[in-house]
Protein chains: 2
Amino acid sequence: MDANKVPDIVVSRLPIYLRALNRLAEEGQKVISSQALGDQLSISSAQIRKDLSHFGEFGKQGTGYVIEYLQAQLRRVLNVETVWPVVLTGCGALGRALANYPDFHSEGFEIVALFDNAPHKIGETVANMCIQDVVHLPEVVREREIKVAILAVPASAAQKTADILVEAGIRAILNYAPISISVPPEITVQHIDPAVYLQWMSYYLESPD
Amino acid sequence: MDANKVPDIVVSRLPIYLRALNRLAEEGQKVISSQALGDQLSISSAQIRKDLSHFGEFGKQGTGYVIEYLQAQLRRVLNVETVWPVVLTGCGALGRALANYPDFHSEGFEIVALFDNAPHKIGETVANMCIQDVVHLPEVVREREIKVAILAVPASAAQKTADILVEAGIRAILNYAPISISVPPEITVQHIDPAVYLQWMSYYLESPD
DNA sequence: TAGATTGTTAATCGATTAACAATC
DNA sequence: TAGATTGTTAATCGATTAACAATC
């Protein structure tokens, strides 16, 4: 029950459960069993029950889980009951697409400031925000106590930008740059690299010819 | 040694090894030990050696791994010795950013056709390709024997588009839509959802208060 | 009540690590 | 040769699953 001891792999499944529940709620469903949820996600019912049991008892025997209640509990566990402000660094095509991503707010995040270092981009408006010079990033992060950043700069600028983010007080970085970055161990980094996922999938393809 | 029996989790690490090796090669390094590679990736040296041993003996005692040779072996194992043609569905902001992603080709993939269903987008040129009506997708996929697709459509169109892709003969889908899709078991799907990764990271943040 | 499903225990399964002989 | 590092074995560690009493 001690949240400090919950395995990473269990935590990593909770957002996936939450996403499925959000969808079911939208469709008007009120209750779901671990079996039915597992069928949707290709996960065993036992695993779902075990995962949830790390955090409390959220279901009812004979009935299953009340979706609205379980959503609220998972949001609480995942720390997304409120909305985290997020800074986005790098306003190229990918950064702009992310700035306009519609679902962040409902999932607990809101991009509140955009940064770049290209003079011709600074001052431009994207998603109703003015792109700022990255030299102002530390003061914005400190003033607004921002803990979460999205890194969407080119590979060549990734490590330097990551250093600035960490120095400014950022604690979690979602890294879209196609390169690994080094950060102190207390900083959480999640790397999103389409080439890595494509290569993983191509392993399972039969070779052409 | 039988590749059919290699655990998924081992395969999923190979692209990460390859990315690190590519970087080292660019920096001019010729040889690396499992220890040094592991230090960079926060993975134990034993795990790296064990993972690689599923596929062959690629190192030399006392020396380590010749980077160029190990890159070539990993590319072979991952099935990216040649370049896979890829179709991209959904030419919104995210799709356009992906169409211009510079590193696909060197990693073994090339986007060769863009599709959308919005009449005002069809005919437009993005990344030197003409956006085509999604009704032509099946013939393009069949003619060119395309096996890999990127799904960058809105959530509301994701399942329908996935059905079209599968029906056309696609075997691997990289799904950027913020919704789970159902496909037959022989199709490989990898889901990239920034909200999922952000929520996973927020678990480790101290709550604001 | 009868049927269904949870939460939990114990067993199983699989992945990681430590250690070292082999050998470059 | 001496030092370094692999590939592999066996031990450890941890995650998943099966099963079922509890109970809605």
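Naming: A, B, ... by sequence-line order, numbering from 1 per chain. All values reported here derive from a predicted model rather than from experimental measurement.
- Between A:Ile173 and B:Met201, the closest heavy-atom pair is O-SD, 3.5 Å.
- For A:Glu57 and D:dA22, the CD to P distance is 14 Å, given to the nearest whole Å.
- A donor-acceptor pair under 3.5 Å is formed between the side chain of A:His191 and the backbone N or O of A:Ala177.
- Going from atom CD1 of A:Ile67 over to atom P of C:dT6 covers 12 Å, rounded to whole Å.
- Using a 4.0 Å heavy-atom distance criterion, A:Ser45 is classed as making no nucleic acid contact.
- One atom, CG of B:Asp39, and another, C1' of D:dT5, lie 14 Å apart when rounded to the nearest Å.
- Looking at every heavy atom in both residues, A:Trp84 comes nearest to B:Glu206 through CH2-O, 3.2 Å.
- Listed nucleotides D:dT5, C:dT8, D:dT8 differ in distance to B:Ser53; the shortest reach to its side chain belongs to D:dT8.
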Nucleotide-resolved protein contact map, nucleotides 14-19 of chain D, B/S/- at heavy-atom distance under 4.0 Å = -SBBBB
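- In this structure A:Tyr69 satisfies the ring-ring contact (aromatic ring centres under 6.0 Å, His included) test with no other residue, sequence neighbours excluded.
- Between B:Thr89 atom OG1 and B:Ile170 atom CD1 the span is 9.0 Å, to the nearest 0.5 Å.
- The main-chain N or O of A:Phe55 is never found under 3.5 Å from a side-chain atom of A:Asp51 such that the two would form a donor-acceptor pair.
- Between A:Pro85 and A:Phe109 the shortest side-chain heavy-atom distance does not fall below 4.5 Å.
- Between A:Asp116 and the options A:Val153, A:Ile131, A:Val134, a side-chain contact (heavy atoms from CB on, under 4.5 Å) holds for only A:Ile131.
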Encoded 5' to 3' (Watson-Crick or G-U under 3.5 Å; [ ] crossing; | other strand), DNA chain D becomes ..||||||||||||||||||||||
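- Regarding A:Leu52, its CG atom lies at a distance of 13 Å from the C1' atom of C:dT5, rounded to whole Å.
- Relative orientation of the A:Tyr204 and A:Trp200 rings is perpendicular, given thresholds of 30° and 60° on the angle between their planes.
- Summarising the geometry, the separation between NE2 on B:His54 and P on D:dG7 is reported as 13 Å, rounded to the nearest angstrom.
- For A:Lys60 and D:dA22, the NZ to C1' distance is 16 Å, given to the nearest whole Å.
- Between B:Tyr65 and C:dC24, a side-chain N or O to OP1/OP2 separation shorter than 4.0 Å is absent.
- In this structure, B:Ile48 atom CD1 and D:dG7 atom C1' are separated by 14 Å, rounded to whole Å.
- Distance CD (B:Gln61) to P (D:dT5): 12 Å, rounded to an integer number of Å.
- Considering only side-chain N and O atoms, A:Thr63 lies nowhere under 4.0 angstrom from the phosphate OP1 or OP2 of C:dT5.
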